[in-house]
Amino acid sequence: MAFSLNSISQAAGFTAPRLLIYSDAGVGKTTLAAGADRPIFLCTEDGLGTLTVDAFPMLSQYSQLIEALSALYHEEHDYKTVVLDSLDHLEPLIWAQVCAEHDKNSIEDFGYGKGYVEALSHWRNLMQWLNALRNEKGMTIILIAHAEIKRFESPEVDSYDRYQIKLHKRASELVQESMDCVLFANYKTVIKKEESGFGKTKAKGIATGQRVLYTEARPAFVAKNRYSLPAELPMSWDAFSQALNSSANNSNQQGA
């Protein structure tokens, strides 16, 4: 296809969002996703608890995940949101698929990290299926993952620990690049300074019990959003949805 100035068109504007929500266990990621519009769950771990939601049978192979996504793409249904819970339990299934294709016993048997590079082709295939559901079926995408604390090697300051998505570095980068929002869920903590004697003070973290979604990166965690959302939101689907709609309205008014 030859490109010219006649090839230029306006972007479509707001479409269904692609979200990655991660946190420590037990913060409420799955419950948050269950509040989305007509969700269908694709589970690689038994994390639904007492939630009553529609879900495919537990996925124990990567090929089963692709079959489920294909069914959502090709068959008639009224689901509006696809929830993949969770990415870090999916990753071993992808490694098993890669090992089976190359007759290896372990992803480490490839040597020099080549197995993790091979795995990226399956992550890209997954993103293509999710984008097809989003772009052609209008489905919101929610990916759920656990968090882990890892050392971050900053080129600007001394290295420090921060929350990151519990995936291999290459897979984590690929998934994050494909998402519109990377949201870190956590309990809100405030810092209170106390006198420690001799004119000195010490900082003490106070847990508030309030659960929040962080939408912008901080030194302590990875996050991003493409919608100019508030940096911090109450952890509920209604709060996120209202903030997204407000951002869409502001964009429409600016474009009018």
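Because only heavy atoms are used, hydrogens play no part in the values below, and waters and symmetry mates are left out as well, while side chains stay in.
Under a 3.5 Å cut-off, the side chain of Asp109 and the backbone N or O of Lys104 do not form any donor-acceptor pair. Of the possible donor and acceptor atoms, one in the side chain of Lys137 sits under 3.5 Å from a partner among the backbone N and O of Tyr73. Formation of a donor-acceptor pair under 3.5 Å by the Thr44 side chain with backbone atoms of Ser86 is found in this model. The closest donor-acceptor contact from the side chain of Glu136 to the backbone of Ala132 lies at 3.5 Å or more, if one exists at all. No side-chain donor-acceptor contact under 3.5 Å links Thr81 to the backbone of Ala36. Arg134 places a side-chain N or O within donor-acceptor distance of the main-chain N or O of Ala16, the cut-off being under 3.5 Å. In this structure, the side chain of Ser247 engages the main chain of Tyr227 through a donor-acceptor pair within 3.5 Å.
The shortest side-chain heavy-atom distance between Ser228 and Asn250 does not fall under the 4.5 Å cut-off. No side-chain heavy atom of Val82 sits under 4.5 Å from any side-chain heavy atom of Leu84. With contacts defined as side-chain heavy-atom distances shorter than 4.5 Å, the pair Asn186/Arg211 does not qualify. Using a 4.5 Å cut-off on side-chain heavy atoms (C-beta onward), Cys43 and Phe56 make no contact. Contact annotation: the side chain of Leu72 approaches that of His77 to within less than 4.5 Å [non-hydrogen atoms, C-beta and beyond]. Within the 4.5 Å cutoff, side-chain heavy atoms of Val175 are placed close to those of Leu143. Between Val98 and Ile107 the shortest side-chain heavy-atom distance falls below 4.5 Å.
Atoms CG and CD, on Leu93 and Gln61 in that order, are 8.5 Å from each other to the nearest 0.5 Å. From Lys150, atom NZ reaches atom CD1 of Ile165 across 10.5 Å, with rounding to the nearest 0.5 Å. The line from CD1 of Ile40 to CG of Asp78 is 10.0 Å long, rounded to the nearest 0.5 Å. Note: His102 NE2 to Gln97 CD = 9.5 Å, rounded to the nearest 0.5 Å. Between the CG atom in Asp180 and the CD1 atom in Ile141 there is a gap of 10.0 Å [rounded to 0.5 Å]. Rounding to the nearest 0.5 Å gives a distance of 8.5 Å between OH of Tyr187 and OG of Ser23.
For the pairing with Tyr163, the ring pair (Phe, Tyr, Trp, His ring centres under 6.0 Å) check across Phe221, Phe184, Tyr214 returns one residue only, Phe184. The only member of Trp123, Tyr62, Phe110, Tyr116 that meets ring pair (Phe, Tyr, Trp, His ring centres under 6.0 Å) when paired with Trp95 is Tyr116.
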- Message: For a side-chain contact (heavy atoms from CB on, under 4.5 Å) check, start with the C-alpha distance between Ser121 and Asn125, then their side-chain angles and the critical distance, and finish with the verdict.
- Response: CA-CA 6 Å; Ser121 63; Asn125 184 44; over 6 Å; no
- Query: Between His122 and Glu101, is a side-chain hydrogen bond (donor to acceptor under 3.5 Å, both in side chains) present by the stated rule, with each step listed?
  - Reply: CA-CA 12 Å; His122 293 290; Glu101 292 170 354; 3.1 Å; yes
- Query: Going through the checks in order, is the side-chain hydrogen bond (donor to acceptor under 3.5 Å, both in side chains) test met by Glu67 and Ser63?
  - Reply: CA-CA 6 Å; Glu67 289 174 7; Ser63 59; 4.7 Å; no
- Item | Stepwise side-chain contact (heavy atoms from CB on, under 4.5 Å) test for Lys114 and Glu108 | CA-CA 8 Å; Lys114 292 180 180 178; Glu108 292 288 345; over 6 Å; no
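Under a 4.0 Å N-O distance rule, the pair Glu216/Arg218 qualifies as a salt bridge. Salt bridge absent: Lys29 and Asp24 never bring a charged side-chain N and a carboxylate O closer than 4.0 Å.
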Check: residues 232-239 side-chain donor-acceptor pairs under 3.5 Å, at least two apart:
residue	atom	partner	partner atom	Å
Glu232	OE1	Lys188	NZ	3.2
Glu232	OE2	Lys188	NZ	2.8
Ser236	OG	Ala239	N	3.0

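Side-chain contact annotation: Gln242 with Ser246, donor-acceptor N/O pair under 3.5 Å absent.
Remark: Lys224 NZ is packed, more than 12 non-hydrogen atoms of other residues, nucleotides or ligands lying under 6.0 Å away. Around CZ of Arg170, the count of heavy atoms belonging to other residues, nucleotides or ligands within 6.0 Å does not exceed 12. Counting non-hydrogen atoms of other residues, nucleotides and ligands closer than 6.0 Å to NZ of Lys169 gives a total of 12 or fewer.
Within the hydrophobic cluster formed by Ile, Leu, Val, Met, Phe, Trp and Tyr side chains joined at under 4.5 Å, directly or through other members, Met58 stands alone, with no partner residue.
Under the 4.5 Å side-chain heavy-atom criterion for ILVMFWY residues, a single connected hydrophobic cluster contains both Leu69 and Leu174. If you chain together hydrophobic residues whose side chains sit under 4.5 Å apart, Val53 and Leu59 never meet in one group. Phe41 and Trp129 fall into different hydrophobic clusters, where Ile, Leu, Val, Met, Phe, Trp and Tyr are joined by side-chain heavy atoms under 4.5 Å apart, directly or via other members.
The cationic atom of Arg162 (NZ for Lys, CZ for Arg) lies less than 6.0 Å from the six-membered ring centre of Phe152 and within 45° of the ring axis. A cation-pi arrangement is not found for Lys166 relative to Tyr22, the charged atom failing to lie both closer than 6.0 Å to the ring centre and inside a 45° cone about the ring normal.
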